[in-house]
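Everything numeric here is computed off the predicted structure, so don't read it as measured data.
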Amino acid sequence: MYRLKAPLRVLKSIVGPTTNSSGPLTRAGSTIFVISRSKHTVPDLPYDYNALEPVISADIMKIHHDKHHQAYVNGLNVAEEKFEQALKDRDVHSQIALQEALKFNGGGHINHSLFWTNLAPTKDGGGEHPKGALLSAIQKDFGSVDDFISKFNTTTVGIQGSGWGWLGYNKSNKRLEIVTLPNQDPLITHVPLLGIDVWEHAYYLQYKNARADYLKAIWAVVNWKTVAERFATAQ
């Protein structure tokens, strides 16, 4: 599973009688939640805003990274603060009500943090076809890299509304599989290896409503090296 290099968060439950210098903090069988958290932040891009041109314009990259990703991070921090208070208040209703905000904004942060590293300028290897174990796995499960890309694009272009196309590793059957998910839902059924954002904010300023053209073009800047690293770790 892809993990963010996120601030440390500790959630500790202590069951049973607990004491301090003033006496018991809880009765036997009760639970104390001790939470330590710091705020999430948007990771820096590993390249300049214009480094992926002409495939993705500098304007799109700047707005996508600085505005949209930042909005997910802001929303996640607010949702976590509210959830922390709900835990302290033992407010189960609020804890449940906050799940959608945590999923949407947390998924947006996870997905975009992976997305930036999925891409690379051509001078740094963007668009170079995979090699080694990853190439062998793609050939086994899809026939060829070109066959995989064709199937991925056909599947992903059909997403209704906003969402993501994923190449994931299924640990149960040890296969690479294409998965599509709506909105900012994170990929949790597979180990995420490669994610392509098909929200309109990822391409509309340049490709208008031609999602298929965007999907066709983006492979010229896909960073297969990071995909191979995730695949090696996933096995």
Side-chain angles (χ1 to χ4, degrees), residues 2-7 38-80 104-130 134 145 149 152-153 156-157 159 161-168 180-187 192-231:
Y2 180 70
R3 297 182 183 277
L4 291 170
K5 294 181 180 178
S38 54
K39 290 187 176 182
H40 294 281
T41 57
V42 176
D44 294 334
L45 283 177
Y47 36 75
D48 292 334
Y49 293 118
N50 64 354
L52 303 182
E53 292 184 336
V55 177
I56 304 177
S57 70
D59 285 344
I60 288 177
M61 290 302 297
K62 186 172 180 61
I63 294 170
H64 198 175
H65 178 267
D66 294 3
K67 301 297 184 181
H68 290 282
H69 192 168
Q70 185 65 61
Y72 296 123
V73 167
N74 293 345
L76 177 58
N77 286 327
V78 169
E80 284 193 341
F104 180 76
N105 292 291
H109 183 30
I110 291 171
N111 294 345
H112 284 87
S113 296
L114 186 148
F115 181 62
W116 309 131
T117 63
N118 274 168
L119 307 175
T122 54
K123 67 181 180 64
D124 295 329
E128 292 180 2
H129 273 203
L134 177 60
V145 175
I149 291 174
F152 185 99
N153 286 358
T156 303
V157 78
I159 293 174
S162 302
W164 289 73
W166 291 98
L167 172 64
T180 59
L181 289 168
N183 302 317
Q184 291 297 345
D185 291 8
L187 181 61
L193 305 179
L194 169 67
I196 302 296
D197 187 354
V198 292
W199 280 63
E200 285 191 342
H201 64 233
Y203 62 86
Y204 195 86
L205 286 178
Q206 187 172 352
Y207 294 90
K208 306 307 179 188
N209 64 336
R211 178 185 285 178
D213 291 346
Y214 160 71
L215 285 169
K216 182 179 179 181
I218 200 169
W219 298 99
V221 290
V222 165
N223 186 354
W224 285 104
K225 293 177 183 177
T226 60
V227 180
E229 291 169 0
R230 294 188 192 111
F231 178 59

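N77 places a side-chain N or O within 3.5 Å of a backbone atom of H40 that can act as its donor or acceptor partner. At least one donor-acceptor pair closer than 3.5 Å links the side chain of R211 to the backbone N or O of I159. Between the D185 side chain and the L181 main chain, no donor and acceptor come within less than 3.5 Å of each other.
Pairing each heavy atom of H129 with each of V145, the nearest pair is CE1-CG1, 3.6 Å. Taking all atoms of both residues into account, the shortest heavy-atom contact from L52 to L119 is CD1-CD1, 3.8 Å.
Residues W199 and H68 have side chains that never bring a donor and an acceptor to within less than 3.5 angstrom of each other.
Sequence neighbours left out, the pairs with a member in residues 54-66 that pass side chain to side chain donor-acceptor pair (under 3.5 Å) are Y49-D66, K62-D66, H64-H112, H64-D197, H64-H201. Note on residues 117-130: no pairs pass salt bridge (charged side-chain N to carboxylate O under 4.0 Å, His left out), not counting sequence neighbours.
For Y214, the ring pair (Phe, Tyr, Trp, His ring centres under 6.0 Å) partners two or more places apart in sequence, or in a different chain, are Y203, Y207. Judged as a side chain to side chain contact (heavy atoms under 4.5 Å, CB included), and not counting sequence neighbours, the contacts of N50 are D48, E53, A58. Not a single side-chain hydrogen bond (donor to acceptor under 3.5 Å, both in side chains) links Y47 to another residue, sequence neighbours left out. Annotation: side-chain hydrogen bond (donor to acceptor under 3.5 Å, both in side chains) contacts of Q70 (sequence neighbours excluded): N74. Looking at residues two or more places apart in sequence or on another chain, you find a side-chain hydrogen bond (donor to acceptor under 3.5 Å, both in side chains) between Q184 and Y72, N111, W164. Under the salt bridge (charged side-chain N to carboxylate O under 4.0 Å, His left out) criterion, D213 pairs with no residue, sequence neighbours left out. Every side chain to side chain contact (heavy atoms under 4.5 Å, CB included) that A228 has, sequence neighbours left out, goes to L134.
Remark: L76 CG to K39 NZ distance equals 11.5 Å, nearest 0.5 Å. With rounding to the nearest 0.5 Å, the separation of CG in L187 from OG1 in T180 is 10.5 Å. The NE2 atom of H69 sits 14.5 Å away from the NZ atom of K67 when rounded to the nearest 0.5 Å.
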Can you give each donor-acceptor pair under 3.5 Å made by side-chain atoms of residues 218-226, sequence neighbours left out, with the distance rounded to 0.1 Å?
from: W219; atom 1: NE1; to: N153; atom 2: OD1; distance (Å): 3.0
from: W219; atom 1: NE1; to: L215; atom 2: O; distance (Å): 3.0
from: N223; atom 1: OD1; to: K225; atom 2: N; distance (Å): 3.2
from: T226; atom 1: OG1; to: T117; atom 2: O; distance (Å): 3.0
from: T226; atom 1: OG1; to: N223; atom 2: O; distance (Å): 2.9

How far apart are the C-alpha atoms of L114 and W166, what are their side-chain angles, what is the distance that settles it, and do they pass the side-chain contact (heavy atoms from CB on, under 4.5 Å) test? CA-CA 11 Å; L114 186 148; W166 291 98; 3.8 Å; yes
Determine, step by step, whether N105 and V78 satisfy the side-chain contact (heavy atoms from CB on, under 4.5 Å) criterion, reporting the C-alpha distance in whole Å, the side-chain angles of both residues, the deciding distance to 0.1 Å, and the verdict. CA-CA 10 Å; N105 292 291; V78 169; over 6 Å; no
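Between P186 and H109 there is no side-chain heavy-atom pair separated by less than 4.5 Å.
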